Amino acid sequence: MLNGACLCGRIQYEITGEPRFMYQCYCGKCRAASGASFVTNIIVDTDRFRITAGKESLAAFESSPKKFRHFCSACGSPIYSQGEKTKQVVSVRCGTLRQDPGVRIAYHAFVSSKAPWVDICGDQPQFPDWPDPAVVRQFFTTSNGA
Ligand SMILES: [Zn+2]
Ligand SMILES: [Zn+2]
């Protein structure tokens, strides 16, 4: 079991089972939403992710059509995002985790939007925007055997 919280602690969440995989996103929206040069997320099955406290403090911003970024309205910590098209999973912001989720970075997304001062380390594949859905499916099957 993994858990996490926002900066002020109002929002608490837990994840049961293993995350599917981890990735980093360098797009302008993630950068603006986090205030960081890029974000590190884990993909978790929606039914394994649960807000355990502070639901009333959770606000959402529709950053793309039908894609919502959920954050703490009191302290501003980004918690997770979820899109209508990929409802079965949530993308959880790793900076809010309390434990090591076990998985490591599978790929780098939206490298074409990367901040000019960032150097990407490691041999993981880099994609100019989202990887092809077929590529993503591959990470789903390797990490959980599902
Ligand atoms: Zn908070
Ligand atoms: Zn992004």
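Numbering of ligands and ligand atoms starts at 1, following listing order. Only a predicted model underlies this, so the values are computations on that prediction, with no experimental measurement involved.
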Open item on the list: To 10 degrees, how wide is the angle SG (C8) to the Zn ion (ligand 1) to SG (C6)?
Closed with: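 So the angle at the metal works out to 110°.
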Rounded to 10°, the SG/C72 to the Zn ion (ligand 1) to SG/C75 angle comes out at 100°
Take the Zn ion (ligand 2) as the vertex and measure to SG of C25 and SG of C30; round to 10°.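 With the Zn ion (ligand 2) as the vertex, SG (C25) and SG (C30) sit 120° apart.
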State, with a plain yes or no, whether a side-chain heavy atom of I15 is found less than 4.5 Å away from one of I42.
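In contact.
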Near-ring test [Y]/[X], centroid separation under 6.0 angstrom:
X    : Y    : answer
F140 : F21  : yes
F127 : F110 : no
F61  : F71  : no

